[in-house]
Each structure stands twice: as C-alpha cells, then as structure tokens.
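Numbering of residues begins at 1 and proceeds along the displayed sequence. Counting convention: from 1, in listed order, for ligands and their atoms alike.
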Amino acid sequence: MELSSQQLALKERAAALSNGTIRGRAADIDTSREYPWDVVEVLKAERFMGMTIPPEYGGQGRSFLDTVLVIEEIARSCTVSARIVVEANMGAISTVMAYGTDAQKKRAADLVLGGDKPAICITEPDAGSDASGMTTRADRRGNRYVLNGRKHWITGAGVSRLHLIFARVFDESGEELGVGGFLAVRGEAEGLRVGKRETTMGLCGMPEGELVFEDLEITPDMVLLPPSGFKRGFADLINAYNSQRVGAGTVAMGIAAGALEHAVAWAKTREQFGRPIGEFQGLHWMLADMQTQLTASRLMLHAAAASRGPGGSAFPDPTLAAQAKIFASEAAIKIVNDALQVFGARGYSREFPLERMARDVRMFTIGGGTAQVLRTLVASKVLGWKLPQTRDGYVSSRGGTEKDRDA
Ligand SMILES: CC(C)(COP(=O)(O)OP(=O)(O)OC[C@H]1O[C@@H](n2cnc3c(N)ncnc32)[C@H](O)[C@@H]1OP(=O)(O)O)[C@@H](O)C(=O)NCCC(=O)NCCSC(=O)CCS(=O)O
Ligand SMILES: Cc1cc2nc3c(=O)[nH]c(=O)nc-3n(C[C@H](O)[C@H](O)[C@H](O)COP(=O)(O)OP(=O)(O)OC[C@H]3O[C@@H](n4cnc5c(N)ncnc54)[C@H](O)[C@@H]3O)c2cc1C
C-alpha cells in the first residue's frame, strides 16, 4: 500500500521518538512494573494521543492507517508505550467518537488529549471468549442506570480514568433489553473499585486488573447508546472494537520488526568459526522467513486498517481485522523467538531486549480475542453460516433438533 508523503513523515517522526526516548525507557518500565507517565507526556507532546479524534474535538482526525504507522514504530522499542498509543486512538475512544453524544465526545476527547489511556471493560472471570455471556448488569432506576458486576484483565486498571463498560441492560420491570456501553471516570464515579492487579509475564509496566462495580450509578449523559439500540448493542460495540484488534495486531508486528532488526545487526557482528554468523546459510533462511512473515503481517494489517466493515461502518472490516490479528500475532511470536535464537545465550539474558520482547509478544494471540475465536469468526464468513458457540445455539442454527443436541 503506497503511503503518502505525510504518512511517511509521520512514520519517521514516530521512528525517531521510538529510537530515542522510548527505547531508553523500555527496560526500566519492564523491571519497575511502573506505568510510564513520563512516556505519556512525550506521546502527548508529539500529539500521538488522540490522533483519530476529529478536529472539532481538538484532535487531528487521523485515520486508523496513520495510527497503525505510529504504533508499529513505537512497538519496535517498547510494547507498553505502543499499547498506550493503541488505546489512546482506537477501541474505547473511537467507540465514543462514533456512537457518543456531543458532550460525551468532548469529555472523552479532553481526557485522552490530556494523556488518559481509556480502559475498555469487556472481559469477566466467567466471560472471556464468550464475551456476550457477560453478567455485569445495568439496572434502570428512574433516569439512571445502576451497574453491578466485575471485570478482570482490564488494561490500565487503576491508571485509566475513562472507562467504557459493556453491561447487560434491564428495565425497571427487570426485563432484559440487551447490551449497552456505559462511561465512567475513575475518581468521579462512586462504586467503581479497582481490585487485584495481575502479575503478568510481559507488558509488566501496564496494569492488568480487576474492576468491581458496586451500585455504580451512571447518569443519562454517560450512557453510550449503540446505534442499533441495546438489542444489538453487543454487535455494535464489538464492531467498534475491531479498530483495537487491528491496533493489537500491529503492536505484535512492531515487536517482531524490532526483534528482527536486532537479529540482523547481531548476525553481522557475532563471529563463530572465524566468520560472522550471518554468513551461514541456515541463518540466511531464518532471516528470510522472518522478513517474509513480517512483510505479510504488515500488508494484512495495513489493508485491515484501511478497510471499512459492511453497511457504512466507521470501523475496519471484522473479517480482515480478525485475519490480520491472527496472522500477525502468530507470526510475531515465531519471529521474536527466532530473533532470540540468533543471539544464542545472550538472547536469554535481561541485558538484551529479546527476552522482554518474547514475554511481551506472547499475549497477542490471547488479548483482543484469541486466535482460536477469531478463526471461528473468519470461518463463519467463509462458510456464510452463523456459528454460535453454545451447544444449543450451534445445533439449532444448523436446523438440528433436541435429539441432535443430546447426541
Ligand atoms: C465469540 C464472539 C465473536 C461472539 O460470539 P457469540 O456466539 O456469542 O455471538 P455472535 O452471534 O457470534 O455475535 C453476536 C453479534 O455480534 C456480531 N459480531 C461478533 N463479532 C463481531 C465483530 N468482530 N465485528 C462486528 N460484529 C461482530 C455478530 O455478527 C452478531 O451480530 P448479529 O446478531 O449477527 O447481527 C465474541 O464474544 C468475541 O469476539 N469474543 C472474543 C472476546 C474479545 O475479543 N475480547 C476482547 C476484550 S478487550 C481486550 O482483550 C484488550 C486487549 S487487546 O490488546 O486489545
Ligand atoms: C495482556 C492482556 C490484556 C487484556 N486486556 C483486556 C482489556 O483491556 N479489556 C478486556 O475486556 N479484556 C482484556 N483482556 C482479556 C482478553 O480479552 C481475554 O483473555 C480473552 O478474550 C480470552 O478470554 P479468557 O482469557 O477468559 O480465555 P478463555 O475464553 O477461557 O479461553 C481459554 C482457551 O479456550 C479457547 N476457546 C474458548 N472458547 C473457544 C471456542 N468457542 N472455540 C475454540 N477455542 C475456544 C481459547 O482460544 C483459549 O485458548 C486482556 C488479556 C490479556 C492477556
């Protein structure tokens, strides 16, 4: 995909920041397990926070493809910093920019442009891949909603201020209306409690935590009503999430790009048997395969970022987003581990970035929808069949009977 001169300039600016300040901070962010507020200030100064926010709300109205160019460059040096760029431009913020009221857009834009990385709150202890099986509920009380429930593995728990919470909606008679999005700002909302932080293998500077909603009151101005209403609210909200799936896949690809750069430089300088190891054909072919997989990942992610879903969607095509994330995340795990292999024992040392990259990249076939669940989404498109995953749903969707179900 041909990039414009403005996009090339944007990519260069991001690369300069990545090669300088960001690269210098990556190892400390990992070992300290502290959220990099200093990096947020630098991202703000470079206007990499809220790039996709429309100019009327103080942003630049940049595309998802522009954002992907920046994410890749930042991820070459630091995964935590790259994920901040993802969530400051895609996912929750782009959902509010698409579905929100004017006041909600302004509030969200001010927070993100001020350096806030929003949290998208979908996953629950008993509803991970089966996200629509969520039990967090929003009960109507007069003109407000009261949220009760719990989410976990929420990126930014305890540091994010703006939260987009997916919840099952009930009217005052207790009738279920569907799924809605609810906005809450930590520190302003009574009843939003930050729980346990996970001790993760990678992305150590980014809190992944539990959120507990205890009679969290949501006023009408903070209800994010999906365009098709609560009835198809889940579909609308997860459709908006496709932007973040492309962003997540891009972080994985960026880590791989950084790891390959390190491996190429090492292969040229490390000598064994009196010659650079880069002279051995076995490594030629490894490096060639790594580059081939990286190029394919980048092409798929750029195509997905530039795509739009059916029906005039403002978001990437769901199938292209799923395919790009499946391919890029699985390729990146292989590329990073092969890059570590090129370093020999040094690859296994904390004195080199490869072991951190290998720990960081491992999450991308899980977070953002697992590689298995995304394959089902692609298969559903290929077959032209709906493929509900519950046993009853599957049997009935294929015209089966009770007998089939109990088979
Ligand atoms: C598994 C799921 C895809 C949903 O499966 P279900 O069988 O429960 O429901 P479906 O009938 O398949 O879907 C319901 C409805 O939504 C539409 N849909 C589903 N996925 C998409 C999509 N990606 N884009 C657009 N529309 C979508 C589907 O067509 C149905 O609509 P209709 O009824 O046909 O009109 C889903 O539960 C799922 O995606 N599970 C994975 C959970 C996930 O991705 N979690 C991410 C949490 S955030 C995170 O991890 C952040 C870390 S990362 O770095 O970003
Ligand atoms: C680093 C990180 C950050 C995250 N950030 C967020 C966040 O900010 N917000 C948020 O809401 N969530 C977040 N998540 C949660 C993430 O979305 C879930 O972990 C993911 O959706 C999978 O759910 P689960 O972990 O419960 O695994 P499970 O759903 O229990 O899956 C376990 C295994 O079973 C497989 N499986 C499950 N169902 C099927 C099926 N029908 N077909 C085939 N295989 C299946 C899965 O692929 C997986 O291999 C994050 C996760 C990680 C690791």
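Protein heavy atom closest to atom 43 (C) of ligand 2, with residue, atom name and distance, is Gln372 CB, 3.8 Å. The protein heavy atom nearest to atom 8 (O) of ligand 2 is Thr155 N, 3.0 Å.
Within a 4.0 Å radius of atom 31 (O) of ligand 2, the protein contributes at least one heavy atom. Within 4.0 Å of atom 25 (O) of ligand 2, not a single protein heavy atom is present. Proximity of atom 6 (C) of ligand 2 to the protein is indicated by at least one non-hydrogen atom lying closer than 4.0 angstrom. The presence of a protein heavy atom under 4.0 Å from atom 34 (O) of ligand 2 is ruled out.
Of the listed residues (Ser129, Cys121, Ala157, Ala371), the one carrying the non-hydrogen atom nearest atom 36 (N) of ligand 2 is Ser129.
With hydrogens and angles disregarded, no donor-acceptor distance shorter than 3.5 Å links the side chain of Lys117 to the backbone of Val40. No donor-acceptor pair closer than 3.5 Å links the side chain of Arg186 to the backbone N or O of His163. Not one N or O on the side chain of Lys11 forms a donor-acceptor pair closer than 3.5 Å with the backbone of Leu3. Panel note: side chain Ser77, backbone Ile74; no donor-acceptor pair is recorded below 3.5 Å. Checking side-chain atoms of Ser349 against main-chain N and O of Ala345 turns up no donor-acceptor pair under 3.5 Å.
Taking distance alone, with nitrogen or oxygen atoms compared against 3.5 Å, Thr123 approaches ligand 2 more closely than that limit. Residue Thr376 has no nitrogen or oxygen atom sitting less than 3.5 Å from a nitrogen or oxygen atom of ligand 2, judged on distance alone. Checking only distances, Asp130 never comes within under 3.5 Å of ligand 2, N or O to N or O. Residue Ile122 has at least one N or O atom closer than 3.5 Å to an N or O atom of ligand 2. Among the atoms of Gly367, none of the N or O lies under 3.5 angstrom from an N or O of ligand 2.
Using bins of under 30°, 30° to 60° and over 60° for the plane-to-plane angle, the ring pair Trp266/Phe343 lands in the parallel bin.
You'll find the side chain of Phe48 stays beyond 4.5 Å of the side chain of Asn89, heavy atoms only. In this structure the side chain of Tyr99 reaches within 4.5 angstrom of the side chain of Asp236, judged on heavy atoms. Residues Trp153 and Thr200 are in side-chain contact: their nearest non-hydrogen atoms beyond the backbone lie under 4.5 Å apart.
The side chain of Thr370, and not its backbone, has at least one atom closer than 4.0 Å to an atom of ligand 2 (non-hydrogen atoms only; side chain from C-beta on). With a 4.0 Å cut-off on non-hydrogen atoms, Glu208 touches ligand 2 through its side chain and not its backbone.
Residue-ligand proximity, Ile154 to ligand 2, at heavy-atom distances under 4.0 Å covers atoms 7 (C), 8 (O), 9 (N), 10 (C), 11 (O).
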At less than 3.5 Å, what protein N or O atoms come close to the N or O atoms of ligand 1? Include the distances to 0.1 Å.
from     : atom 1 : to     : atom 2 : distance (Å)
ligand 1 : 8 (O)  : Ser132 : OG     : 2.5
ligand 1 : 11 (O) : Lys386 : NZ     : 3.2
ligand 1 : 23 (N) : Asn242 : OD1    : 3.0
ligand 1 : 23 (N) : Arg245 : NH1    : 3.0
ligand 1 : 24 (N) : Asn242 : ND2    : 2.9
ligand 1 : 34 (O) : Lys386 : NZ     : 3.0
ligand 1 : 35 (O) : Arg232 : NE     : 2.9
ligand 1 : 35 (O) : Arg232 : NH2    : 2.7
ligand 1 : 37 (O) : Ser129 : O      : 3.1
ligand 1 : 37 (O) : Ala131 : N      : 3.4
ligand 1 : 39 (O) : Arg245 : NH2    : 2.9
ligand 1 : 40 (N) : Ser129 : O      : 2.8
ligand 1 : 44 (O) : Arg245 : NH2    : 2.7
ligand 1 : 44 (O) : Gly369 : N      : 3.4
ligand 1 : 50 (O) : Gly368 : N      : 2.7
ligand 1 : 54 (O) : Arg83  : NH2    : 2.9
ligand 1 : 55 (O) : Tyr241 : OH     : 2.6
ligand 1 : 55 (O) : Gln244 : NE2    : 2.8

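Atom CH2 of Trp37 sits in a crowded spot, with more than 12 heavy atoms from other residues, nucleotides or ligands closer than 6.0 Å. Surrounding CD of Glu190 are at most 12 heavy atoms belonging to other residues, nucleotides or ligands under 6.0 Å away. In the displayed structure, Gln341 atom CD is contacted under 6.0 Å by at most 12 heavy atoms of other residues, nucleotides or ligands.
For Arg144, the salt bridge (charged side-chain N to carboxylate O under 4.0 Å, His left out) criterion is met by Glu217, not counting sequence neighbours.
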